[in-house]
Amino acid sequence: MVPEAQRIFTGLSLYFFPNSDANKVRKRRIEKAKEYGAVWTKVWSNNVTHVIVDNKMTYQEVTKFLKLDTLPPEIIVVNETYLFDCISYHNLLDPKARYYEVPGMPTSSTVVEVAKLLPSELSSLNSSLPLKPAKNDIQILDTPSASVESGDVHQGQNDPAQDNLLSPANGTPNEPENISFGYNDELSAIMKESQSLKHIPVDLEDEDDTASLANSESDSDDDSKGNPSTKPKKSWQENFQCMDKHDGANTDANPNSETIEILQQMSEFYDRIRDQWRTLAYRKAIASLKKQSQRVIFQEDAVKLPFVGHRIAAKIEEIALTRGLRRLDNAKLDPHDQVLQMFMKIYGVGISQASQWVQQGYRTLKDLEKSAKLSTNQKIGIAHYDDLQLRIPRAEVEHHGAVVRDALRQMDPEFQVTVGGSYRRGALSSGDVDLIITRPGADARSLNISAIGTLVPKLESAGFLVAALAKTSKDTGSKWHGCSKLPTSDVWRRIDLLLVPWDEMGAALIYFTGNDIFNRSIRLLASKKGMRLNQRGLFKDVMRGPGRVKVTDGILLEGRNEKRIFEILGVPWRPPEHRIC
DNA sequence: ATGAATGACCG
DNA sequence: CGGTCA
DNA sequence: TCAT
């Protein structure tokens, strides 16, 4: 219970609709309201002062249920957002504000400016966390109540009382054994060997939880293969079938998408100011949050998620509670940060260079072109700045791959070209085209000769490759970065040619398929097991001398076969589409 | 208090 | 080698 | 910023 002085709901009698605490989220909401002094009225009566309507419900459903034509005018009807906002502003807000309107409500909507109620403490959010403006505000204004809350439909889902969001549906919370879900004994045994693995891999581990949760219910929106069988010994792919293929496409489906979006921006912000670890921390927290099927609002819930500590948990709560008012932030945004962001999107420009330019007074791309000292690549990056920001539709990625494949096959039909990167993870669009090139039996040198020596010049004269940004110098070098364009289009695309010796194909596929968080996780797992995974293979017995200097490369365990690498690591195979964190 | 992935390219 | 990128 |  909060201190008496803060009990802003004292004297209120709340009637919820639906008026039960069977739903977990609503239950939480009710508890919270009580903490702030409200009384929960379980039976409809004259005493009711407020009706709190679930976001998915309409006014008509309320009246129909209560068998009334309209509710008495003195009774305040608001949606569920109202309570949160009141709590966050330590004030009873104007219930007529449009954010709190219940669909179908007869009254004329009066837009009330809630701005003046913003307590000073909240403005600290703005200064400490520069966020991108506009974009979000629009979304939020449009859909004040759009958060997809799993209502009673999912009731069965997280039944085990009010305990934490992560506890497996079947087990005791905090049970260390959560690793053994649904995997065969061999794998379980390997996983168990090291308790410390419990927290490591963002995905390897948490998804086990998620998977088993989803497994014990039929969790709705899956599109593909098979139906949910609860048989634990079924192939482990079943465990993942409920996973989204998020990749920028359907983030709106997530009940926490608004929060995630903001956290994402914070992560990007820290990235910009070169705080690599905070950036990473945020990304891991986001990955965690993405896996929640329920809206996470309060700190105490958020902190239970892996990789969400008290600082981020507090921010999650703040974001969840104050959304819809963020339009007030618009004005303030460090203009330097804007420029920085623009410069950093130039190919060949990182935070360091961008900061220097800003420092030196450059403010536009034209400024740079006119008087800054630019590397060759930066010139290309600026000249084709707009093109290179564009996402590449999946079909076009495919097309670029096909051009290269055809050219190679003309040289030798044995060549294999795999489109990697986000494309391989199933993304509908990509930032660049990653092509993994190999040939049975080929080593680095022979690939280099044919690709760099023959293929590239050939494609250049064909007008397909239009710029070389980075090519490997050594004759065993394995990559070529540049730009390409289809004959049918004038848009330049970033393309990477990755030359992979036949024996390293498996490791390379993992590496070039990502995503990066997934790669980190799996590599970390490897190192915890005394192995080392890089783009060339999985090794054991890596010796390191003083100062972390590598003495031995270690003994190659596997490089050629992607699945084997997973196997040796004791990680259940997951197809590329499921390597998104 | 401390570590947090790794390798390659560029200049 | 440090900075940057993937 | 998180986890150890």
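Reminder, nothing fancy here: chain letters follow the sequence lines and each chain counts from 1.
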(request) Inspect the contact between A/Lys485 and A/Asp387 and indicate whether a charged nitrogen and a carboxylate oxygen are less than 4.0 angstrom apart. (result) no
(message) Strictly by Watson-Crick or wobble contacts shorter than 3.5 Å, is anything paired with B/dA1, and which nucleotide is it?
(response) D/dT4
(request) Starting at atom CD of A/Gln299, determine the distance to atom P of D/dT1, rounded to an integer number of angstrom. (result) 13 Å
(request) Have a look at A/Gly514 and say if it touches a base, only the backbone sugar-phosphate, or nothing, with a 4.0 Å heavy-atom cut-off. (result) nothing
(message) So if I apply the side chain to side chain contact (heavy atoms under 4.5 Å, CB included) rule between A/Glu558 and each of A/Asp503, A/Ile565, A/Leu533, which one comes out positive?
(response) A/Ile565
(request) Output the single nucleotide from D/dA3, D/dT1, C/dA6 whose closest atom is nearest the side chain of A/Tyr347. (result) C/dA6
(request) Name the nucleic acid region contacted by A/Phe512, choosing base, sugar-phosphate or nothing; use a 4.0 angstrom heavy-atom cut-off, strictly under. (result) nothing
(message) Can you confirm if the NZ or CZ of A/Arg405 lies within 45° of the ring axis of A/Phe415 and under 6.0 Å from the centre of its six-membered ring?
(response) no
(message) Over all strands shown, is A/Arg278 touching base, sugar-phosphate only, or nothing at heavy-atom distances under 4.0 angstrom?
(response) base
(request) Flag as yes if A/Trp277 stacks onto the base of B/dA4 (centroids under 5.5 Å, planes under 30°), otherwise no. (result) yes
(message) In this structure, how many angstroms lie between the C1' atom of C/dC5 and the CG atom of A/Asp434, rounded?
(response) 12 Å
(request) Give a yes/no on whether any side-chain N or O of A/Lys479 is located under 4.0 angstrom from OP1 or OP2 of C/dC5. (result) no
(message) Can you see whether A/Tyr362 engages A/Gln356 through a side-chain donor-acceptor pair at a distance of less than 3.5 angstrom?
(response) no
